[in-house]
Amino acid sequence: MTKVLIVEDNALNLRLFSEVLRCEGLSVATATNGTDALSTAQTERPDVILLDIQMPGLSGFEVLDRLRRDDHLARVPVIAVTAFAARGDQRRVNAHGFDGYLAKPIVGDALIDAVRAVLAGGRAASAPPATPAV
Ligand code: MN
């Protein structure tokens with residue numbers, strides 16, 4: 001069974017993402033901070049990691065660096081999840097070596113589409129539609 005590790009410090013988002021992925025038949029492990037994420041990744045050996053960028057303690061960037069330096073986890077695809085959809089932020093995520101990028105709020109099938117894309121060996125990028133000017 002495909003296992004996704006969701007790393008997210010916001011409890012509501014964590015529950016929402018978990019529900020969506022479980023409904024798609026995926027196995028889910030969770031962590032609420034970077035330190036917890038690294039130890040849970042060691043024990044759970046996920047097939048893909050959804051990694052929040054903005055967390056207290058270790059940032060998503062720091063967690064990715066540590067995952068990439070670990071022989072057992074270096075090749076696990078990691079999708080960045082970030083709250084701000086600024087273009088500069090997306091560039092920074094791509095330059096850092098993430099396998100994909102999701103901007104919150106995550107709408108429709110973006111979450112499951114991104115997970116499936118990286119599991120298939122591709123990249124994933126999704127941002128919510130821009131708010132129309134009034
Ligand atoms: Mn966060």
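Side-chain atoms are counted along with the backbone in the values below, which use heavy atoms only and exclude waters and symmetry mates.
Distance CG/D52 to CG/N33: 11.0 Å, rounded to 0.5 Å. To the nearest 0.5 Å, atoms CG (L64) and CZ (F98) are separated by 4.5 Å. In this structure, CZ in F17 is found 13.5 Å from CZ in R22, a value given to the nearest 0.5 Å. The distance from the CG atom of L58 to the CG atom of L51 is 10.0 Å, given to the nearest 0.5 Å. Between the CZ atom of R66 and the OG1 atom of T35 there is a distance of 7.0 Å, given to the nearest 0.5 Å. Considering OG of S59 and CD1 of I53, their distance stands at 6.5 Å, rounded to 0.5 Å.
Annotation: side chain of M55 is in contact with side chain of V7 (closest heavy-atom distance under 4.5 Å). With contacts defined as side-chain heavy-atom distances shorter than 4.5 Å, the pair V81/I106 qualifies. Counting only heavy atoms from C-beta outward, the side chains of V4 and V115 approach each other to under 4.5 Å. Taking 4.5 Å as the limit, every side-chain heavy atom of I49 sits out of range of all side-chain heavy atoms of I79.
Residues N13 and N10 come closest through the heavy atom pair N-OD1, 2.8 Å. In terms of heavy-atom proximity, T30 sits nearest to S18 at CG2-OG, 3.7 Å. Closest approach of E44 to A29, counting heavy atoms only: CG-CB, 3.9 Å. Listed here is the closest heavy atom pair of A37 and V63: CB-CG1, 4.5 Å. A41 and P46 make their closest contact through O-CD, 3.5 Å (heavy atoms, listed as atom of the first residue, atom of the second, distance). In plain terms, the two heavy atoms of A31 and T40 that are nearest each other are CB-OG1, 4.3 Å.
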Go through the steps for D70 and Q42 under the test side-chain hydrogen bond (donor to acceptor under 3.5 Å, both in side chains), then give the verdict. CA-CA 9 Å; D70 184 299; Q42 290 290 352; 2.3 Å; yes
After noting the C-alpha distance and the side-chain angles of L50 and L102, does the key distance pass the side-chain contact (heavy atoms from CB on, under 4.5 Å) rule? CA-CA 9 Å; L50 278 176; L102 280 170; 4.0 Å; yes
Worked verdict on D99 versus R68 for salt bridge (charged side-chain N to carboxylate O under 4.0 Å, His left out): CA-CA 12 Å; D99 297 277; R68 294 302 197 226; 2.9 Å; yes
Under the salt bridge (charged side-chain N to carboxylate O under 4.0 Å, His left out) rule, what do R15 and E8 come out as? Steps first, then yes or no, please. CA-CA 9 Å; R15 213 165 70 194; E8 167 68 62; over 6 Å; no
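Residue D113 qualifies as enclosed at atom CG: its count of foreign heavy atoms under 6.0 Å is above 12.
At least one test fails for R92 against the ring of Y101: distance under 6.0 Å to the centre or angle within 45° of the axis.
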